[in-house]
Chemist: 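Below are the structure tokens for one structure; questions will follow.
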Amino acid sequence: MSIIGVGIDVAEIERFAASLERTPALAQRLFIESELLLPSGERRGVASLAARFAAKEALAKALGAPAGLLWTDAEVYVEDSGQPRLRVSGTVGGGGGEKGGGGGGLVFFVH
């Protein structure tokens with residue numbers, strides 16, 4: 001895998017929680033259904049969602065924040081090994097500007 005960009009972001013959990021509470025439809029604009037749920041089917045906690053949003057923000061920075069980027073075109077998922085990864089498509093994958101190119105990326109969470 002070649003490196004096409006590096007991005008970093010930090011999400012303040014309380015601020016992210018307030019945004020989700022203030023704008024109920026925000027979660028559906030930022031995440032696909034599988035990102036909102038734990039493997040058990042329970043709703044994912046706000047700290048986990050904030051970390052996933054920070055990963056998407058970091059990806060946008062790494063790509064130079066392409067115009068028209070849809071947050072749902074970048075999916076944070078966990079491999080069977082437990083390693084978090086990014087899967088990109090649409091506006092982020094093929095149409096993500098010069099640095100786009102499909103595939104995915106490595107993710108590191110700290111919270």
Chemist: Please check if the side chain of Lys61 supplies one atom and the backbone of Asp9 the other of a donor-acceptor pair under 3.5 Å.
Modeler: no
Chemist: Between Pro24 and Gln28, which heavy-atom pair has the shortest distance, and what is it?
Modeler: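 The pair with the smallest heavy-atom distance is O-OE1, 3.7 Å.
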Chemist: So Arg44 and Leu36, side-chain contact (heavy atoms from CB on, under 4.5 Å) or not? Walk me through it.
Modeler: CA-CA 5 Å; Arg44 194 173 291 281; Leu36 294 171; 5.7 Å; no
Chemist: Enumerate the residue pairs fulfilling ring-ring contact (aromatic ring centres under 6.0 Å, His included) with a member in residues 47-68, sequence neighbours excluded, ordered by first and then second residue.
Modeler: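 Applying ring-ring contact (aromatic ring centres under 6.0 Å, His included) to every pair that reaches into residues 47-68, excluding sequence neighbours, yields Phe16-Phe53, Phe53-Trp71.
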Chemist: Partners of Glu79 by side-chain hydrogen bond (donor to acceptor under 3.5 Å, both in side chains), sequence neighbours excluded?
Modeler: none
Chemist: Between Ile13 and Ala50, which heavy-atom pair has the shortest distance, and what is it?
Modeler: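 Distance-wise, the nearest heavy atoms are CG1-CB, 4.2 Å.
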Chemist: Specify the closest pair of heavy atoms between Ala58 and Ile8, including all atoms of both residues, with the distance to one decimal.
Modeler: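 Closest pair (atom of Ala58, atom of Ile8, distance): CB-N, 3.7 Å.
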Chemist: So how far is it from Leu30 CG to Leu49 CG, rounded to the nearest 0.5 Å?
Modeler: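 The distance works out to 9.0 Å.
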Chemist: Apply salt bridge (charged side-chain N to carboxylate O under 4.0 Å, His left out) to Glu57 and list each qualifying residue two or more places apart in sequence or on a separate chain.
Modeler: none
Chemist: May I ask you to decide if Leu37's main-chain N or O and Arg43's side chain share a donor-acceptor pair within less than 3.5 Å?
Modeler: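 Judged by distance alone, no pair lies under 3.5 Å.
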Chemist: Enumerate the residue pairs fulfilling ring-ring contact (aromatic ring centres under 6.0 Å, His included) with a member in residues 25-51, sequence neighbours excluded, ordered by first and then second residue.
Modeler: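 ring-ring contact (aromatic ring centres under 6.0 Å, His included) check on residues 25-51 returns no pairs.
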Chemist: Please name all residues satisfying salt bridge (charged side-chain N to carboxylate O under 4.0 Å, His left out) with Glu33, sequence neighbours left out, ordered by chain then number.
Modeler: none
Chemist: Per the side-chain contact (heavy atoms from CB on, under 4.5 Å) rule, which among Leu69, Leu86, Asp73 passes with Leu59?
Modeler: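 Option passing the side-chain contact (heavy atoms from CB on, under 4.5 Å) with Leu59: Leu86.
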Chemist: Tell me, please, which residues at least two apart from Thr72 pass side-chain hydrogen bond (donor to acceptor under 3.5 Å, both in side chains).
Modeler: none
Chemist: Between Ser19 and Arg15, is the side-chain hydrogen bond (donor to acceptor under 3.5 Å, both in side chains) condition met? List the steps.
Modeler: CA-CA 6 Å; Ser19 294; Arg15 184 175 175 198; 5.6 Å; no
Chemist: Is the backbone of Val76 close enough, under 3.5 Å, to the side chain of Glu35 for a donor and an acceptor to pair up by distance?
Modeler: yes
Chemist: Starting at CG of Leu70, measure out to CZ of Arg29 and round the result to the nearest 0.5 Å.
Modeler: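 Those atoms lie 11.5 Å apart.
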